[in-house]
> 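Have a look at this one before I ask anything.
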Amino acid sequence: MAQIFHRSFNTISRLTIFGAVFLIALLGWALLVLARSSYVTNTGIARDQPVPFSHQHHVADLGIDCRYCHDGVTKSSFAGMPPTKTCMNCHQQIWVGSEMLEPVRKAYKEDKPIRWERVHRLADFVYFNHSVHVNNGIGCKSCHGPVEKMPLMYQHGTLLMEWCLNCHRQPDQFVRPRDEVFNMDYEPDVDKPNLGKELADQYGLRKLTHCSTCHR
């Protein structure tokens, strides 16, 4: 029987198969890169807010404790946003004529909350409890990053599952003394290399990697 296809078709077929495999692998790699990019995770993006609140100024310059504004952080799953009255405790006396703070004064006069744009947003199927973390020695900075250096608040971590699991698999690498949780300048004591392990044992921390820990 006469040959129907030219011998070159064998080469073309191989190139097509290998090319398809390469393109699929390239597409998979591109999707992985995209999934971890700031375009998807919102990492490093500062949101436009009604008032350009500076954590750097309030935390680093003025030394205001996190709990003054986020008073639910030690007792609730949600850290809480401060009522306008909390802002006015100070700003009835300082920067009283600032145009930048007009939305704060207006909200206070009208007894309405300021509509802040949320910066950190977990998926609806993820359970997270602030109080469980801070009461067991996980500092604000571990998740929120160097807030004291942020003129405008942005999301520090990716909030991807692998990011959370990095801590859940080795809590001794992130835990700190409870009285240092809100200290943004805390550094582990180099003379106590086993402190993390000791604190994890003291607080009863263990590796929490079961699905039901966060997906309930």
Side-chain angles (χ1 to χ4, degrees), residues 38 41-47 49 51-87 89-90 113-114 116-123 126-190 192 195-208 213-214:
S38 60
T41 63
N42 294 319
T43 306
I45 298 175
R47 301 288 181 187
Q49 301 289 357
V51 180
F53 181 87
S54 171
H55 278 82
Q56 182 181 48
H57 174 64
H58 289 80
V59 176
D61 298 343
L62 302 179
I64 297 176
D65 189 279
C66 307
R67 290 162 291 187
Y68 181 73
C69 296
H70 305 290
D71 59 357
V73 71
T74 61
K75 54 192 176 185
S76 172
S77 60
F78 184 56
M81 293 297 291
T84 311
K85 184 180 185 304
T86 300
C87 306
N89 285 342
C90 294
I114 299 172
W116 300 101
E117 289 294 326
R118 189 163 187 168
V119 176
H120 300 83
R121 185 182 298 278
L122 288 170
V126 176
Y127 174 78
F128 179 85
N129 189 311
H130 271 91
S131 64
V132 169
H133 288 77
V134 300
N135 290 330
N136 283 287
I138 302 301
C140 304
K141 200 168 187 173
S142 296
C143 296
H144 293 292
V147 172
E148 79 284 3
K149 298 178 182 178
M150 297 183 187
L152 296 176
M153 188 67 183
Y154 60 83
Q155 181 182 302
H156 168 72
T158 65
L159 305 186
L160 295 173
M161 185 168 70
E162 63 183 10
W163 179 76
C164 299
L165 284 174
N166 184 47
C167 180
H168 278 222
R169 286 175 175 147
Q170 47 184 0
D172 57 296
Q173 299 297 312
F174 298 90
V175 68
R176 59 175 71 181
R178 288 190 175 110
D179 58 359
E180 298 286 357
V181 164
F182 301 100
N183 179 7
M184 303 306 292
D185 297 321
Y186 172 78
E187 294 290 342
D189 191 338
V190 294
K192 297 180 180 179
L195 180 60
K197 180 67 168 58
E198 294 171 1
L199 290 173
D201 292 340
Q202 179 183 337
Y203 299 160
L205 302 182
R206 61 188 188 280
K207 296 180 181 180
L208 294 174
T213 302
C214 301

> Any idea which heavy atoms bring Pro113 and Thr84 closest together, and the distance?
CA-OG1, 4.1 Å
> Between Gly157 and Gln155, what is the shortest heavy-atom contact and its length?
O-NE2, 2.7 Å
> Please list all pairs passing the ring pair (Phe, Tyr, Trp, His ring centres under 6.0 Å) test where one or both residues lie in residues 134-168, with sequence neighbours left out.
His120-His144
> Is the backbone N or O of Asn135 less than 3.5 Å from a side-chain atom of Arg178, with the two atoms forming a donor-acceptor pair by type?
yes
> Before you tell me yes or no, could you show the steps for Leu159 and Leu122 under side chain to side chain contact (heavy atoms under 4.5 Å, CB included), namely the whole-Å CA-CA distance, both residues' side-chain angles and the distance that decides it to 0.1 Å?
CA-CA 7 Å; Leu159 305 186; Leu122 288 170; 4.1 Å; yes
> Establish, from distance only, whether the side-chain atoms of Gln170 and Asn166 form a donor-acceptor pair under 3.5 Å.
yes
> How many angstroms lie between atom CE of Met150 and atom OG of Ser54, to the nearest 0.5 angstrom?
11.0 Å
> Taking atom CD1 of Ile45 and atom OG1 of Thr43, what is their separation to the nearest 0.5 Å?
7.5 Å
> With Trp116, which residues qualify under side-chain contact (heavy atoms from CB on, under 4.5 Å), at least two apart?
Gln49, Pro50, Val51, Phe53, Met81, Ile114
> Is there a donor-acceptor pair closer than 3.5 Å between any side-chain N or O of Arg67 and the backbone N or O of Phe182?
no
> If you measure from CG on Leu152 to NE2 on His55, what distance do you get to the nearest 0.5 Å?
10.5 Å
> Once you round to the nearest 0.5 Å, how far does NE2 of His133 lie from SG of Cys143?
6.0 Å
> Measure the spacing between SG of Cys90 and CD1 of Ile64 and express it to the nearest 0.5 Å.
5.5 Å
> Any donor and acceptor pair, going by atom type alone, linking the side chain of Asp172 with main-chain N or O of Glu198 inside 3.5 Å?
no
> Side chain to side chain contact (heavy atoms under 4.5 Å, CB included), that's the test. Do Arg176 and Lys141 meet it? Break it down for me.
CA-CA 11 Å; Arg176 59 175 71 181; Lys141 200 168 187 173; 4.2 Å; yes
> In Å, rounded to the nearest 0.5 Å, how long is the span from CZ of Arg169 to SG of Cys164?
11.0 Å
> Could you tell me which non-hydrogen atom of Val175 sits nearest to which non-hydrogen atom of Asn136, and how far apart they are?
CG2-O, 3.5 Å
> For Gln56 and Pro151, work out which heavy atoms get closest and say how close.
OE1-CG, 3.5 Å
> Does the pair Tyr68 and Asn89 meet the rule for a side chain to side chain contact (heavy atoms under 4.5 Å, CB included), with working shown?
CA-CA 11 Å; Tyr68 181 73; Asn89 285 342; 3.2 Å; yes
> What is the minimum heavy-atom distance between Met184 and Cys140, and which atoms define it?
SD-CB, 4.4 Å
> Any side-chain heavy atom of Val59 within less than 4.5 Å of one from Cys66?
no
> Would a distance-only check, ignoring hydrogens and angles, find a side-chain to backbone donor-acceptor pair under 3.5 Å from His70 to Gly80?
yes
> Give the minimum heavy-atom separation between Val73 and Val134, together with the two atoms involved.
O-CG2, 3.3 Å
